Amino acid sequence: MPDTTTSAPNLQDAVIVGGNRIPFARAGSRYLGASNQDMFTAALDGLVARYGLQGEQLGEVVAGAVLKHSRDFNLVRESVLGSALSPTTPAFDLQQACATGLEAFITVANKIRLGQIDSAIAGGVDTVSDAPIAISDRLRSALLQASYAKTLGQRAKALATVRPKDLAPANPRTDEPRTGLSMGEHQAITTAKWEISREDQDLIAYNSHHNLARAYNNGFFDDLVTPFRGLSRDQNLREDTSLEKLASLSPAFGKSLSTPATMTAGNSTALTDGASTVLVANREWAKKRNLTPLARFVDAQTAAVDYVHGREGLLMAPVHAVPRLLERNGLTLQDFDFYEIHEAFAATVLTTLAAWEDDEYCRTELNLPQALGAIDRERLNVTGSSLAAGHPFAATGARILAGVAKLLHERAASTGKPARALVSVCAAGGLGAVAIVESA
Amino acid sequence: MPQDRYTSFVKSGFGKKLAKKLGLPQPVQLRRHTPGAPPVTGPVLVLSAGAGNAAGTGGTGSAASDADAVAGLLLNGLGSDETIDVRRSPHTAEGTRWGAVIVVTTQAEHPRDLSDAMLALGGTLRALASSGRVVFVSRDAADASSPAQAAVRQGVVSAMRSVAKELRNGATANALVLRDDATVTGTPALAALRFLLSAKSAFVDGQPVTISSDTGHVPQDWEKPLAGKVAVVTGAAQGIGASIAATLARDGARVVAVDVPAAGESLSKVANKISGTALQLDITSPDAGKRIIDHAVERHGGIDIVIHNAGITRDKLLANMDNARWDSVIDVNISAQLAMNEQFLASDRFRDAPRIVSLASTSGIAGNRGQTNYGASKGGVIGMVAASARALAEHGGTINAVAPGFIETAMTTKIPLATREVARRLNALQQGGQPVDVAETIAFLASPATGGINGEVVRVCGQNMVGA
Amino acid sequence: MTLPPIDRPGTVRELDRVPSLMALYAKALTPDPADVARLGARILPDALRPKQRTATIDDRHRSLPDVALKVRGVTANPQGLREYQNLLGFPRTEDLPAGYVHVLAFPVAMAVMAAPDFPLPLAGMVHLENRVDVDRTLTVGETFTVTAWASNLSGHLKGTRVDLIVEVSDPEGVVWRGVSTYLAKGTYTHGRGNDTGAAREFTPPLPTGSWSLGAGIGREYAAVSGDRNPIHLSALTAKAFGFPRAIAHGMYTAARALADARPLHGERYSWTVEFAKPVLLPEKVAVAITPHNAGGASYVGWNSKTGKLHFSGEISPL
């Protein structure tokens, strides 16, 4: 038996050294027939190729998918085995709805900080074009009973309970299980509550498309995106969209509310397929492989809100997470060079900002002495976000992280001063994850 | 690999008979390099032609010394520990198949001096092995001190071309042409002999390879001549570029595979197969050269070899040509290379015997209907290479071009069948080359041993009739 | 602690088991011989008319029988409970949702209404409102006693109201009490009441949820509740009773609201519902649940298209 107990190691820096994703495709289009595993393996292989990680045994690969087949119980590990990484690289699946990618990053970054691993890939993948379609609960129950039946009679009895309508497939639910409202309807309620205008939402969408297009045209994504199945840019991107075009679209959500419906297909994120990865490591690992640390993980916070009983909007959890994160790190909302606020809907970004600007709300709901205040909108989603790129649920986190890490590195290189970014991702179930990253 | 159905057909029992009866071309499967394979497959005969020299007998005096030196090189395994069966006499046991015949004419002074050696060579041709080799070692007519000397030197190259056209069964004939500063025992000559004798030069036929100096050093391991080198290959996502990347990696180089972002998916597959890194980049962007250097230096600690393989075609008769077609071909195929080379040459990281190999084309030499833009760009490459040789030489480096003929790639399978068949057969080997044939030639020019080959164009065309 | 006692009828008649709802419905929907007689009277020649019975219809309709029905040893069937929990969205635990206790006890109340001396016709009875007081949560292994009686016969603009009171007790006392208020439409025994009949003003709030109720939800609830009232089963059977399509069970909607608001109430609470327009299936019902600061919540459900109110209620700590 030992005479002394072991002591915890000192924390190390977890740094983002790069990332890779495949372009995001519109649902039922270019990636029809590609599985989550196909797409995530492609994203991994692109990353391996970019950073020369062939045959490397990484500390861990952590990712997930929101819409998952039951056969994909080990999706990430299976993807690793099919990739150019060493087959001795461990992996696991993780899921936190749309925050999956960010949560995967937080998980591996914390492991790296603790010295448990030296390197990792975090990421996510989702396809609605290859979504699982389940059999009905009654058919499933009958089949299970029949499979456990000991006699022919029992089996026949179990199967006899199946009715013709039970044979119809059960589509995956996209609405919140506890409220029966789709995410769009939920956001429409929050949008109405905060009286967000159609024009403001369209402007967010317009900026998203134009910022993303500019970034592509400037080659910003040359080392962030690897084409897949002949697609080399996000399919949802509308380089030529205008405020007039956006204004001409008819509302898609909130039509049954007593307030005017303001959310359209243009200012809401389309269903998309895609996969993304971000490479995280400690500084020593990066140095050994001649990789430049782009950004350092500072801290993260998750939060959840009670949307079921109308206390808060479904997608408002980041609003609650950010003040806790700011307080712990002694920062104000204005202390950031970049804000990456996931555009589930343009209105999500705007209700989030409106809430932070609202004195009364910040005092009563967030228990703050006053409003967090406004941000400089010029620093918001400067290379576009989900409205333009699309949002394959679990893939959004790593898309944002890899991009913002590059932005931070470039900013620090050009100014000679450190740069800092706030990342915010809302998620189904009233969840939200937020993180701070700084130039490394 | 794209299939040559005709070759498969005429190799089948029925097809073979039919082709013979009809007098159709009967291309053979060329021998190609496999790692560890010996440079030659049978005994090597060294003949010499010189003033007062009796063919094949070794002889005495200076006339024999270059041939002796070449035989000595062979006996020493061409710089490796391989055993090569070297003969100086064409008289040999019945049934012997010559792996190669080397005719050393460096010391010929007059066209008359050729006869013995040429006739001796002729006597061996029927006994030349399949995919056998004839290599002339000569000197450059440009350096001749007398008209007679110039005549014999020029004559050797032309004789070599005719021999190449006469050879069958995948055999090739080529010539090493030494300038004044180069010797037959110099490292570049050694490396060139190894290359031309080996299966790596399968589709190089009827070509003079000029060696201007003895610069270069023998690699520690001929299997890994590029060990420790960092090579950049543009247009590496597919076809010839992918093959170049794989060949350089096989030879020990760490490869940066470059292609346009849109080709990223196959680029990443290429990079992963060879444990290189993928760099998605538009080579026409103004900072392309700098970004390549940054990537290579940051990830791999340096940059030694650049292969300008990226190229496009936008064919159109000149009468119908538009701005976009003309400009894009010029931009990608030559302007980008000029701009990048400037950035490479300005970089202090591109100083240690750097190598640039640029892809020209037989169309750039001979011209091709509907390819005015392409021809201009590829001719431009040849001009650029010649003019840049001096700048590279300052750092012990070289710049050369490789001009492929008809190569079986995804691109050439798009050529209409009839045109493709003609293009394929219109060479001495009666078949199209493989991407790897281009890649092997590039690897040869990129190796540290070939510092004495600079500003040259080597054709990989199976002695194409076009532009000969 | 148990629920404070309330007045019970003087007589308690004990049944040996919970009666079958099917039998009760069959009885309720079989025409009353007296009604047949009246109908016959109009079409038959005088000679063939049956003799007038001695007790007049009016006498029978004026007062409620002073009797309670009681069943001991009532217990929940685990399979039935699970099906109820699945359909309504309650967690699959041993706990009996308050709405399921209603389901278990409801046949006893039906038996009260189906008794020959009950003054109102059972067929066409409309559920107006419901209140349940819960003292503690019952669990699946327990046996308990159900007592039911009618009370508070009163006039209404459209007929006559009556409360059906159901108590569930354990040896300590009453732990669950339901008061279901029904309206016998078109039967006036106590005048027209004070109700002016003015429809309540209703402006839909922002919803917190949405229920997509399929055409089969009535049948599904009938299967788990045993309440196979034809107005819930199909458009055809509903039409026979004057509804254009099948309508959702009121207690289905109230129990779903309870399930949705479940985390907001404690162990002891009351749960009320007031029914407005029936939910014609299939329909998308918009729901808003508003939590109370002091615990509990109010809830309201309306037609998401027309904005017409379906139901509203409260869940409050006791």
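Letters A, B, ... are given to chains in the order of the sequence lines, protein chains preceding strands, and every chain is numbered from 1. Here the structure is a predicted model, which means the values were calculated and not measured.
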Inset, instruction - Could you tell me whether a side-chain N or O of Asp126(A) sits under 3.5 Å from a main-chain N or O of Ala394(A), the two making a donor and an acceptor? - result: yes
Taking atom types as modelled, which donor-acceptor pairs link chain A and chain B at under 3.5 angstrom?
residue, atom, partner, partner atom, Å
Asp45(A), O, Asn272(B), ND2, 2.9
Ala49(A), N, Asn272(B), OD1, 3.1
Ala49(A), O, Ala278(B), N, 2.6
Arg50(A), O, Arg299(B), NH1, 2.7
Gln54(A), NE2, Ala271(B), O, 3.1
Gln54(A), NE2, Asn272(B), OD1, 3.0
Gln54(A), NE2, Gly276(B), O, 2.7
Asp222(A), O, Gln280(B), NE2, 2.6
Asp222(A), OD2, Arg291(B), NH2, 3.3
Val225(A), O, Gln280(B), NE2, 2.5
Arg229(A), N, Glu265(B), OE1, 2.7
Asn290(A), ND2, Arg299(B), O, 3.1
Thr292(A), N, Glu298(B), OE2, 3.3
Thr292(A), OG1, Glu298(B), OE1, 3.4
Thr292(A), OG1, Glu298(B), OE2, 2.6

Legend entry - Results of side-chain contact (heavy atoms from CB on, under 4.5 Å) for Ala122(A) - residues two or more places apart only: Ala104(A), Phe105(A), Val108(A), Val278(A)
Inset, instruction - Mind checking side-chain contact (heavy atoms from CB on, under 4.5 Å) for Val382(A) and listing every partner two or more places apart, or none if nothing turns up? - result: Phe338(A), Leu407(A)
Legend entry - Side-chain donor or acceptor of Ser129(A) paired with backbone N/O of Leu32(A) under 3.5 Å: no
Legend entry - Heavy-atom pairs under 4.5 Å with chain B, option from Val48(A), Leu231(A), Ile22(A), Leu47(A) with the top count: Val48(A)
Legend entry - Main-chain N/O of His391(A) paired with Thr272(A) side-chain donor or acceptor, under 3.5 Å: yes
Legend entry - Worked check of side chain to side chain contact (heavy atoms under 4.5 Å, CB included) between Leu75(A) and Phe40(A): CA-CA 9 Å; Leu75(A) 171 66; Phe40(A) 193 64; 5.5 Å; no
Legend entry - Contacts of Ala270(A) that satisfy side-chain contact (heavy atoms from CB on, under 4.5 Å) - sequence neighbours left out: Arg26(A), Asn236(A)
Inset, instruction - Would you mind telling me which of Ala42(A), Ala84(A), Pro227(A) has the largest number of heavy-atom pairs within less than 4.5 Å of chain B? - result: Pro227(A)
